[in-house]
Novice: 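Take a look at the following structure, please.
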2 protein chains.
Amino acid sequence: MSSNLRSMTSDPDARGPRREDEVDRIVAAWRRERPDLDVEPLTVLSRVSRLARHLDLARRGSFARHDLEPWEFDVLSALRRAGEPYRLSPGALLTQTLVTSGTMTNRIDRLAERGLVQRLPSPGDRRGVLVQLTEQGRARVDAAMSELLDVERGLLARLDTRDRERLAELLHDVVAPFDSP
Amino acid sequence: MSSNLRSMTSDPDARGPRREDEVDRIVAAWRRERPDLDVEPLTVLSRVSRLARHLDLARRGSFARHDLEPWEFDVLSALRRAGEPYRLSPGALLTQTLVTSGTMTNRIDRLAERGLVQRLPSPGDRRGVLVQLTEQGRARVDAAMSELLDVERGLLARLDTRDRERLAELLHDVVAPFDSP
DNA sequence: GTGCGATATCTCGATGTCGAGTAATCTCCG
DNA sequence: CGGAGATTACTCGACATCGAGATATCGCAC
């Protein structure tokens, strides 16, 4: 809390004077309106929500330069990560992208129409389907990934390596319970 | 990185042995497939996106007990924070909730139908409208906020006070450029 | 083999959001 | 005062998602 008492003039501190962000204003408003509540969790989790929202917008702009929607990138990148021959079942794609099965069917339909993936019958299970990246899809997602990383590096530029590691580790500790049940 | 070398057996360390999360797997896959790229930004920002997604689901469950959708809570809580008489213009609500004007009109319509807010003509500007929380809306959002904070506290329980402060501060440094232009 | 619960994918109607365009009103300069 | 441009909120069609249900197939017990 001591940082709130810093001088308003220029400050030789590491990251410069602390600027108020929208969550600071939100938290201050709640403390005024509901002094009976402990709103400390908002200082972390509201920032997570808002940052995710801004990140979505930045991703949208970055992908647009490669004629891709964010949801398209999500599917293509899961296939790309899987490695040759870039094939996954719709079910595997579901769990990686956190959407429902109806949504995934719809996504695969449209990606196939655009020629970025193709459906193959699953060998040995006639219920199943395999989704495979086309060569065009692979090229597209590789280019978009490279640019996405440039943009993300820009967003993190104010933190040094040590701070980024610390941030990743703290976030890890919060998400871990969700990912390993 | 030293934590990766920890023993697999029980560990007296602060947060226990590091468990692999989904982002660890994603990052490892990219390093295998694209060793030419520096994917370090993903260790932070992919966790932010995934955590936001899980947080949405947790909020949804928590609000359902008060018969509120997340988008309803977002609007009502902005009005609640504004303090008596709990009135804001649609424009002010836009900037706080990061949605478009068409979306906001639609939200206000439905909240008004449910009797949680009402539209008032803006005094001194006949283009304008003011949205005001009804008594029923105020009671609803107060109850939901209290429960939301309980849920969020649970999500952060694995971190001690010092770590939560550090996490909030690091997130602040990343979002700040978006919020103060 | 036959039957049955589990699994994989798809179908489809309801819903919320986006985003470009519209209409009314305000502001301010000349 | 008058008119151009800015501002405010709303309209409306396109689109992506959800989620419950339908369909086909699999695997296993008997």
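In what follows, chains carry the letters A, B, and so on, assigned in the order in which the sequence lines appear, proteins first and then strands, with residues in each chain numbered from 1.
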Novice: Starting at the 5' end of DNA chain C and moving along, which residue's nearest nucleotide shows up first, A:Asp125 or A:Asp109?
Specialist: A:Asp125
Novice: Which atom pairs, donor and acceptor, lie under 3.5 Å between side-chain atoms of residues 51-58 of chain B and protein residues at least two apart or in another chain?
Specialist:
unit_1: B:Arg53; atom_1: NE; unit_2: A:Leu98; atom_2: O; d: 3.3
unit_1: B:Arg53; atom_1: NH2; unit_2: A:Leu98; atom_2: O; d: 2.3

Novice: Check B:Leu159 against B:Arg164 and note the closest heavy-atom contact, atom names and distance.
Specialist: O-NH1, 2.8 Å
Novice: Identify whether the distance between the nearest side-chain nitrogen and carboxylate oxygen of B:Arg114 and B:Asp67 falls below 4.0 Å.
Specialist: yes
Novice: Is there a side chain to side chain contact (heavy atoms under 4.5 Å, CB included) between B:Asp163 and A:Arg166? Walk through the geometry before answering.
Specialist: CA-CA 10 Å; B:Asp163 280 343; A:Arg166 185 93 179 109; 2.8 Å; yes
Novice: Could you tell me which residues satisfy ring-ring contact (aromatic ring centres under 6.0 Å, His included) with A:Tyr86, sequence neighbours excluded, listed by chain and number?
Specialist: none
Novice: Under a 4.0 Å N-O cut-off, is there an ion pair linking B:Arg153 with A:Glu40?
Specialist: no
Novice: Heavy atoms only, 4.0 Å cut-off, all strands: where does B:Arg119 land among base, sugar-phosphate and nothing?
Specialist: sugar-phosphate
Novice: Does the side chain of A:Leu116 reach to within under 4.5 Å of the side chain of A:Arg138, using non-hydrogen atoms?
Specialist: no
Novice: Could you tell me the boundaries of the chain A footprint on DNA chain C, defined by atoms under 4.0 Å from its heavy atoms?
Specialist: C:dT7 to C:dC18
Novice: Restricting to pairs with a member in residues 74-94 of chain A, which pass salt bridge (charged side-chain N to carboxylate O under 4.0 Å, His left out), not counting sequence neighbours?
Specialist: A:Arg59-A:Asp74, A:Arg80-A:Asp142, A:Arg80-B:Glu33
Novice: Main chain of B:Arg19, side chain of A:His172: is a donor-acceptor contact present, judged purely on distance under 3.5 Å?
Specialist: yes
Novice: Both A:Gly128 and B:Gly124 contact DNA chain C. Which one's nearest nucleotide lies toward the 5' end?
Specialist: A:Gly128
Novice: Return the set of residues passing side chain to side chain donor-acceptor pair (under 3.5 Å) with A:Glu113 (not counting sequence neighbours), or none when no residue passes.
Specialist: none
Novice: Apply side chain to side chain contact (heavy atoms under 4.5 Å, CB included) to A:Val39 and A:Leu42, showing your working.
Specialist: CA-CA 6 Å; A:Val39 296; A:Leu42 299 181; 4.0 Å; yes
Novice: Quick test of your reading: applying salt bridge (charged side-chain N to carboxylate O under 4.0 Å, His left out), list the pairs with at least one residue in residues 96-110 of chain A, sequence neighbours left out, ordered by first then second residue.
Specialist: A:Asp109-A:Arg119
Novice: Who are the side chain to side chain donor-acceptor pair (under 3.5 Å) partners of B:Arg47, not counting sequence neighbours?
Specialist: B:Asp21, B:Asp24
Novice: Checking A:Thr100 now: which residues fulfil side chain to side chain donor-acceptor pair (under 3.5 Å) with it, not counting sequence neighbours?
Specialist: A:Thr103
Novice: For DNA chain D, what residues of residues 66-96 of chain A have any heavy atom nearer than 4.0 Å?
Specialist: A:Trp71
Novice: So where does chain A start and stop touching DNA chain D, 5' to 3', when the test is distance under 4.0 Å to a non-hydrogen atom?
Specialist: D:dA16 to D:dC26
Novice: Please round to 10 degrees the angle between the axis of the first five pairs and the axis of the last five pairs in the helix from C:dG1-D:dC30 to C:dG30-D:dC1.
Specialist: 10°
Novice: Looking at residues 99-107 of chain B, who's got a heavy atom less than 4.0 Å off DNA chain C?
Specialist: B:Val99, B:Thr100, B:Gly102, B:Thr103, B:Asn106, B:Arg107
Novice: Is it the case that atom CZ in B:Arg162 sees more than 12 heavy atoms from other parts of the structure closer than 6.0 Å?
Specialist: no
